[in-house]
Amino acid sequence: MTYVVTESCIKCKYTDCEDVCPVDCFKEGPNFLVIDPAECIDCGVCVPECPVDAIFADTDVDVSQHPYIALNAELSMIWPTILKKKPQLETADEFKDVKNKRDLLEK
């Protein structure tokens, strides 16, 4: 089992999750974070820290969010590790409750 960042993170990119991660498994893209499944130790400390409830155990990911399991694995191979908490995106308040944001993901 590993944890997965889902669609709610897009255009928000809160980094509270990274701040508590003991192994620095979060990778950063332009407007989204992902979890490297090879680095994640399945501790779950990131889950309650996410203000937009974007992080789930891969076994608990809603069927509509299943593509994000593969997307986290794919993008974690190319995006750099985020090593410190950063301010959320300027668009975070505007997009935190928006659904169906996949087309807004920047790679």
Side-chain angles (χ1 to χ4, degrees):
M1 181 177 78
T2 186
Y3 284 82
V4 177
V5 180
T6 60
E7 183 176 57
S8 296
C9 182
I10 297 171
K11 293 198 67 85
C12 293
K13 202 168 87 170
Y14 291 96
T15 59
D16 305 64
C17 52
E18 184 287 324
D19 201 36
V20 298
C21 182
V23 294
D24 298 322
C25 68
F26 284 87
K27 307 292 181 146
E28 180 183 25
N31 68 349
F32 186 59
L33 298 175
V34 297
I35 293 174
D36 183 341
E39 294 292 326
C40 180
I41 60 170
D42 310 326
C43 67
V45 298
C46 57
V47 175
E49 298 302 316
C50 181
V52 293
D53 299 320
I55 304 171
F56 297 89
D58 61 358
T59 56
D60 295 333
V61 173
D62 184 82
V63 69
S64 69
Q65 299 293 299
H66 274 193
Y68 287 88
I69 297 171
L71 190 63
N72 273 244
E74 172 193 337
L75 296 176
S76 70
M77 301 291 282
I78 57 175
W79 284 353
T81 302
I82 180 171
L83 297 172
K84 63 180 181 171
K85 183 177 169 132
K86 298 179 179 181
Q88 71 268 13
L89 295 177
E90 290 180 12
T91 56
D93 286 338
E94 177 185 352
F95 282 91
K96 67 181 180 181
D97 296 319
V98 173
K99 304 294 182 211
N100 302 312
K101 300 187 284 185
R102 174 64 177 89
D103 61 325
L104 301 174
L105 175 65
E106 298 173 31
K107 292 183 181 179

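Scope of the values below: all heavy atoms of this structure, side chains included, with no hydrogens, waters or symmetry mates.
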*Compare all side-chain heavy atoms of Glu28 with those of Lys13 and state whether any distance is below 4.5 angstrom.*
yes

*Considering non-hydrogen atoms only, spot the tightest contact between Ala54 and Cys50 and give its length.*
N-SG, 3.3 Å

*Asp60: partners by side chain to side chain donor-acceptor pair (under 3.5 Å), with sequence neighbours left out*: none

*Atom CG in Asp36, atom CG in Asp24: separation rounded to 0.5 Å?*
11.0 Å

*Given side chains that start at C-beta, do those of Val61 and Tyr68 come closer than 4.5 Å, heavy atoms only?*
no

*What are the two closest heavy atoms between Cys25 and Cys40, and how far apart are they?*
CB-N, 3.8 Å

_Leu33 side chain reached by Thr15 side chain, heavy atoms, under 4.5 Å_ = yes

_So Asn31 and Lys11, do their side chains get closer than 4.5 Å, heavy atoms only?_
yes

*For the residue pair Cys12 and Gln88, establish whether any side-chain heavy-atom pair is separated by less than 4.5 Å.*
no

*Cluster question for you: counting only ILVMFWY and a side-chain heavy-atom cut-off of under 4.5 Å, with indirect links fine, are Met1 and Ile35 together?*
yes

Using a 3.5 Å cut-off and no angle test, enumerate the donor-acceptor pairs between side-chain atoms of residues 97-107 and protein atoms at least two apart in sequence or in another chain.
{"from": "Lys101", "atom 1": "NZ", "to": "Ser8", "atom 2": "O", "distance (Å)": "3.0"}
{"from": "Lys101", "atom 1": "NZ", "to": "Ile10", "atom 2": "O", "distance (Å)": "2.7"}
{"from": "Lys101", "atom 1": "NZ", "to": "Phe95", "atom 2": "O", "distance (Å)": "3.0"}

*Determine the minimum heavy-atom distance between Pro51 and Glu49, stating which atoms define it.*
CD-O, 3.1 Å

*Interatomic spacing from OH in Tyr3 to OG1 in Thr59 - rounded to 0.5 Å*: 7.5 Å

*State yes or no: do Phe56 and Leu75 share one hydrophobic cluster built from I, L, V, M, F, W and Y residues joined by side-chain heavy-atom distances below 4.5 Å, directly or via other members?*
yes

*Minimum heavy-atom separation for Phe32 to Leu71, with atom names?*
CE2-CD2, 4.4 Å

*Do Phe26 and Val5 come close enough that some side-chain heavy atom pair is under 4.5 Å?*
yes

*First locate atom NZ of Lys96, then atom SG of Cys9, and finally report the distance between them rounded to the nearest 0.5 Å.*
14.0 Å

*If only atom types and distance count, is the side chain of Thr81 paired as donor or acceptor with the main-chain N or O of Lys27 below 3.5 Å?*
no

_For a 4.5 angstrom cut-off between non-hydrogen side-chain atoms, does Val4 reach Ile55?_
no

